[in-house]
Each structure stands twice: as C-alpha cells, then as structure tokens.
There are 2 protein chains.
Amino acid sequence: MKDTNSLLNQINNKPLRERILDILRDAIVSGDLKPGQTLVETELAARFGVSRAPLREALQILNNEGLVETIPYHGTTVRRLTRTDIEELYSLRSVLETFAVRRIIAHNSAENIEVLRKLYDDMLAAAEAGDLALVNSIDRAFHDTLLELSQHSLLLSTWNVVSMRVRQVMALLNRRNSDLRTIAYNHLPIIDAIADNDEERAAALIQKHVAASGDLIAEGWSENGGEP
Amino acid sequence: MKDTNSLLNQINNKPLRERILDILRDAIVSGDLKPGQTLVETELAARFGVSRAPLREALQILNNEGLVETIPYHGTTVRRLTRTDIEELYSLRSVLETFAVRRIIAHNSAENIEVLRKLYDDMLAAAEAGDLALVNSIDRAFHDTLLELSQHSLLLSTWNVVSMRVRQVMALLNRRNSDLRTIAYNHLPIIDAIADNDEERAAALIQKHVAASGDLIAEGWSENGGEP
DNA sequence: CGTCTGTCGATTGTCGACAATCGACACAAT
DNA sequence: ATTGTGTCGATTGTCGACAATCGACAGACG
C-alpha cells in the first residue's frame with residue numbers, strides 16, 4: 001500500500017470518470033461554474049491531471065442530466081437557464097413530489113413520520129440559530145427524504161436529475177433571507193397531513209409549497225445567469 | 001467525394017456514437033437484445049467496425065437511460081426487468097401522461113384535437129386492416145403526441161426515457177392479439193374529454209387507460225425475460 | 001461596397017495500445 | 001472436507017496521438 005499522495009488515493013475505489021463527474025456537477029449546481037461558461041475538454045483534463053477520455057465521459061453524463069449542453073465539434077457549455085426552464089423545472093418537481101407523497105400515504109408507517117419530524121426539528125433549530133446554509137441543506141434533505149420514502153426507484157432517479165437543477169437555480173439566486181423560521185414552519189403542515197393519511201390535503205400542500213417557491217424564483221429571474 | 005463504402009457514408013452527418021446509440025437502443029427496445037445479455041465492448045466495436053471509444057460513449061448513454069447496467073471492471077448487460085420495475089414504469093408513466101393532458105387542456109387549441117383525431121382515425125384504419133404492428137406504432141405515436149402537445153420540454157425528455165422502456169416491455173411480451181379495434185376505441189374518450197376541456201375526466205381516463213395496460217402486462221410477467 | 005471562397009485555428013471525434021481491476025479456478029495447507 | 005491463497009483470463013478503465021469538423025476571418029472578385 002503506497003500512499004505517496006493523499007487526496008487522490010483516499011477515495012480511490014471509484015473510476016476517474018465518477019470522481020470528475022461529482023466535482024463538475026457540484027461546481028455547476030453550486031454556481032461556481034456559471035451558465036454559459038464553456039468547458040474545454042483539453043483544459044479540464046489538464047487541470048484534473050487526467051486524459052480526455054474519462055473527462056469526456058463525465059461531460060456526457062452531465063449532458064444527459066441537462067446540466068451542460070454539447071454542440072458537436074464546437075464545444076460544451078454550462079446550460080443557460082431561461083425563465084421557461086425554471087417554470088418547467090418547478091412544475092415537474094411539483095408533479096413528482098406530489099406523486100411521492102401520495103405513495104408514502106398509500107403505505108404509511110410510523111417510522112416515516114418520525115424521520116420527517118426529526119428533519120423538521122433540525123431545520124427549526126438551524127433556523128433559530130440563523131444558519132442559512134444548514135437550513136437549505138436540511139430543506140433539500142427533507143424533500144429528498146420524501147422521495148426516498150416513496151419507495152419508487154425510478155421516481156427517485158428522475159427526481160435526482162430534477163432536484164439537481166433546482167439546486168442550481170437556487171444557488172444562482174442566493175435565496176433572500178426571508179425569515180428562516182418561516183421556511184421551517186412551512187413544512188410542518190405537510191408532515192401533519194401525511195401523518196393523518198390525508199392524501200388530498202398533503203398533495204394540495206405540496207403543490208402550494210412548491211408553486212410558492214417556484215413563483216418566487218421565477219419572479220426575480222433576470223434571464224441571464226452568466227455572461228452573454 | 002469518395003464513396004467507396006455506401007452504408008456508412010450515406011447518413012454520415014452524425015457522430016458515430018449517435019448512430020451506434022440508435023442501433024443499440026433500437027435493438028434493446030425491440031427485444032432483439034434480451035435482458036441479461038452481456039454487451040462486450042470489444043466485441044461490439046469489432047462488429048460495428050469502430051473503435052471502443054464511441055461505443056463506450058453509446059453504452060454510457062444507454063446506462064443513463066436505464067436500458068443497460070454497467071458494473072465497473074466487470075461488464076455491461078441489458079438490464080433485467082422485474083415486476084417491480086414494470087409497476088414503477090407504468091405508475092410513473094401514468095403520472096407523466098396525466099400531467100401532460102392537464103397541460104394540454106390548460107392551453108387548448110382546435111389544432112391539437114385535429115391532430116389527435118387524425119391519429120385515432122389512422123389507428124382505427126390499421127386496426128380494421130388487422131395490422132398489429134401499425135396499430136402499435138400509431139398507439140405509440142398517439143401517446144408521444146400527447147406529450148409533445150403539452151409543450152413542456154423537460155417533461156418530454158423525461159417521457160422519452162420512460163416510454164422507451166415501456167416499449168421494451170411490450171416488445172418482450174408480444175402483445176396478445178386482443179381485438180385491435182378495441183385498442184383503438186379506447187383512445188376516443190380521451191380525445192373527447194380533451195376536446196371538452198374536461199380536465200378531471202381526461203386525467204381519470206388516462207390513468208385508467210395506463211393502469212389497465214400496466215396491470216395486463218404485470219399480470220402476465222414471468223420475471224425472467226432472458227436466460228438466467 | 002458587397003459577396004463569395006478558401007484557408008486557418010480551435011475544438012471535438014476517433015483510434016489503437018497499455019494499465020488496472022475483478023471473479024474464477026486451481027492448488028496447497030490445515 | 002474446508003479454508004485460504006495465488007495466479008490467470010477476461011473485461012473495462014485510461015492514455016496520448018491523429019483525424020474530422022466547424023466558425024471566423026481574410027482576401028479575391030463582381
């Protein structure tokens with residue numbers, strides 16, 4: 001076992017392509033790579049110290065996920081987000097999340113409610129501590145958990161693609177610091193409706209919840225997230 | 001312009017990866033490549049007369065679409081379809097298609113109805129001619145059209161992935177020749193509900209329509225579509 | 001002055017060779 | 001007989017070099 005360099009060898013059990021993919025994806029959804037920015041294979045390969053092959057494969061996956069756009073023989077750019085994109089993103093998100101909640105209620109269990117309540121408590125604590133990043137993180141975890149609890153792997157993988165892009169949108173528009181506690185509070189009625197097995201109420205609440213944030217985002221959208 | 005070989009040069013304006021992708025995808029969804037079958041890169045590359053690079057990229061896209069499964073350093077196989085897969089496939093399909101219909105009704109137009117009626121007429125004609133393949137083809141076109149008319153590109157691309165796998169399922173289970181006219185007839189009420197702008201009725205019909213065929217498929221599913 | 005044409009540079013697409021990894025099998029030790 | 005171990009073969013992962021393609025720009029021509 002030869003550990004001359006530490007960073008690369010510590011998590012060395014994944015193919016290069018996967019590691020590069022994670023790094024690039026994270027850079028895009030966190031807004032470090034701005035929409036419209038061009039990604040040159042040669043450049044990136046040199047920066048990561050790998051050849052173009054695994055890098056190309058990573059870019060290809062990002063392309064399939066809709067995070068970048070590749071024009072043959074011309075280049076790859078971080079995908080630009082139009083207002084229409086955002087509307088589509090949030091409307092589909094609403095549909096997927098509503099479906100998930102209906103399924104959770106269809107085969108409900110006490111543990112589900114516990115898990116969700118725990119997340120709510122954590123979120124509220126983070127909100128009262130004024131920790132915006134943590135609130136956002138738990139917020140994501142809450143919705144991811146809803147999708148996981150639906151026990152629908154195809155739905156989950158679809159969700160992962162959508163939620164990643166939603167995350168990108170939010171990163172590009174650093175969420176206004178509306179009262180953090182309000183963000184947390186908004187999740188409680190949803191948990192209650194699920195606990196009550198009230199499918200219609202839960203569905204309506206989710207739709208309202210998602211539509212609200214979607215409208216908020218679309219409203220303050222300036223159509224160009226990067227340089228022209 | 002040197003046309004020594006004909007087949008490759010005729011449609012030469014797309015990257016190799018795309019052409020290979022189309023061929024492989026078609027082979028999978030049409031059932032020529034059976035679930036569980038292993039796809040060896042070297043072998044396929046030789047058969048297509050290309051190097052492994054574009055072939056790998058094609059396989060990667062198929063992997064993202066869920067049509068094949070790649071185990072690192074071990075191999076790629078056509079993904080097996082379990083009963084759970086089929087239930088997930090049809091339940092998500094129902095959700096997506098319902099959403100599409102709701103959107104169509106939300107901004108309806110007379111042309112939409114015309115397009116759908118035209119497809120229905122063609123399907124009926126094919127049914128009366130006893131042309132199973134054509135009926136199936138128009139059936140697919142009908143549902144694809146619903147998704148296109150919804151004017152939601154993200155929904156459409158999600159649909160494309162799902163519908164491809166649905167198509168594979170149907171190919172593996174060569175649809176029993178229940179009366180073809182019945183298949184056609186089933187689509188008429190949906191068109192009528194859309195024409196009437198009756199969102200709830202259309203949504204209910206779509207759900208019933210998809211659930212019916214989903215149950216039919218899942219019922220007669222033998223769990224192993226390929227060799228063990 | 002406008003338009004067509006050809007060359008150039010940058011980037012992606014493709015190739016063939018080599019390295020890394022994993023499961024299976026044989027074989028030895030207990 | 002069982003368990004551990006090492007080697008081997010098959011397959012994917014990675015690399016560096018070369019080819020193909022496209023847009024932009026310059027220059028000739030009307």
Side-chain angles (χ1 to χ4, degrees), chain A residues 1-5 7-24 33 36-64 67-80 227-228, chain B residues 1-24 33 36-65 67-80 227-228:
Chain A
M1 196 184 291
K2 44 178 179 179
D3 272 6
T4 53
N5 45 4
L7 273 174
L8 281 179
N9 284 19
Q10 275 179 349
I11 346 172
N12 211 354
N13 34 11
K14 282 205 298 186
L16 278 183
R17 140 193 46 151
E18 307 263 352
R19 281 181 280 171
I20 295 171
L21 176 61
D22 288 342
I23 294 174
L24 285 179
L33 289 173
Q37 185 160 350
T38 72
L39 303 177
V40 180
E41 296 177 0
T42 316
E43 225 174 77
L44 290 176
R47 172 144 18 130
F48 286 117
V50 301
S51 93
R52 273 178 57 217
L55 195 127
R56 271 176 72 79
E57 298 183 346
L59 285 182
Q60 197 132 77
I61 295 176
L62 290 176
N63 188 47
N64 282 117
L67 287 176
V68 305
E69 203 165 7
T70 299
I71 301 171
Y73 291 105
H74 208 319
T76 300
T77 61
V78 179
R79 179 154 174 195
R80 289 174 189 284
E227 63 275 27
Chain B
M1 197 185 290
K2 43 178 179 179
D3 273 8
T4 54
N5 46 3
S6 56
L7 273 174
L8 281 179
N9 284 20
Q10 276 179 349
I11 346 171
N12 213 353
N13 34 11
K14 282 204 298 185
L16 278 183
R17 142 193 44 151
E18 308 261 353
R19 280 181 282 170
I20 295 172
L21 176 61
D22 289 342
I23 293 174
L24 285 179
L33 289 173
Q37 185 159 350
T38 73
L39 304 177
V40 180
E41 295 176 1
T42 316
E43 225 174 76
L44 290 176
R47 175 145 14 133
F48 286 117
V50 302
S51 92
R52 274 177 57 216
L55 195 125
R56 272 176 71 79
E57 297 183 346
L59 285 182
Q60 197 131 71
I61 294 176
L62 291 176
N63 188 45
N64 280 117
E65 292 175 348
L67 288 176
V68 304
E69 201 166 8
T70 300
I71 301 173
Y73 292 104
H74 207 343
T76 300
T77 62
V78 179
R79 178 154 175 195
R80 290 174 188 284
E227 62 275 25

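These numbers come from the heavy atoms of this one structure, side chains and all, not from hydrogens, waters or symmetry mates. Within every chain, numbering begins at 1; the chains are lettered A, B, ... in the order of the sequence lines, protein sequences first and strands thereafter.
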Contact class for B:Leu39 vs. all strands (heavy atom < 4.0 Å): base, sugar-phosphate, or nothing? sugar-phosphate
Between C1' on D:dG13 and CG on B:Leu55, what's the gap in Å once rounded to a whole number? 14 Å
Nearest-Å distance, CZ (B:Phe48) to P (C:dC15)? 13 Å
If you only use heavy atoms from C-beta on, which nucleotide in D:dG13, C:dT12, D:dC15 is closest to the side chain of B:Pro72? D:dG13
Work out which heavy atom in B:Lys14 is nearest to a heavy atom in B:Asp22; give both atom names and the distance. NZ-OD2, 2.9 Å
Can you tell me how far P of D:dG13 sits from OH of B:Tyr73, to the nearest Å? 7 Å
Which of the following nucleotides, C:dC15, D:dG23, C:dG13, is nearest to the side chain of A:His74? D:dG23
Would you check, one step at a time, whether the test side chain to side chain contact (heavy atoms under 4.5 Å, CB included) holds for B:Asn63 with A:Ile61? CA-CA 10 Å; B:Asn63 188 45; A:Ile61 295 176; over 6 Å; no
Looking only at non-hydrogen atoms, find the nearest pair between A:Leu16 and A:Pro54 and report the distance. CB-CB, 4.1 Å
Rounded to whole Å, the CG-P distance (A:Leu16 to D:dG13) equals 11 Å
Provide, to the nearest angstrom, the distance between the CZ atom belonging to B:Arg52 and the P atom belonging to D:dT11. 11 Å
Length of the CD1-P vector between A:Ile71 and D:dT21, whole Å: 17 Å
Figure out the CZ/C1' separation between B:Arg17 and C:dG13, and round it to whole Å. 8 Å
Indicate, with a heavy-atom threshold strictly under 4.0 Å, whether B:Arg56 touches base, sugar-phosphate, or nothing. base
Position toward the 5' end of DNA chain D (nearest nucleotide), B:Val40 or A:Pro54: B:Val40
Grab the CD-P distance between A:Glu57 and C:dT14 for me, whole Å please. 13 Å
In terms of side-chain heavy atoms of B:Pro15, which of D:dG16, C:dC15, C:dT14 is nearest? C:dT14
Between B:Ala58 and B:Arg17, which heavy-atom pair has the shortest distance, and what is it? CB-O, 3.8 Å
Between B:Leu59 and B:Leu24, is there a side-chain heavy-atom distance shorter than 4.5 Å? yes
For a quick check of understanding: with a heavy-atom distance under 4.0 Å over all strands, which category does A:Thr42 fall into, base, sugar-phosphate or nothing? base
Is B:Ser51 near enough to C:dC15 that one of its side-chain N or O atoms lies under 4.0 angstrom from OP1 or OP2? yes
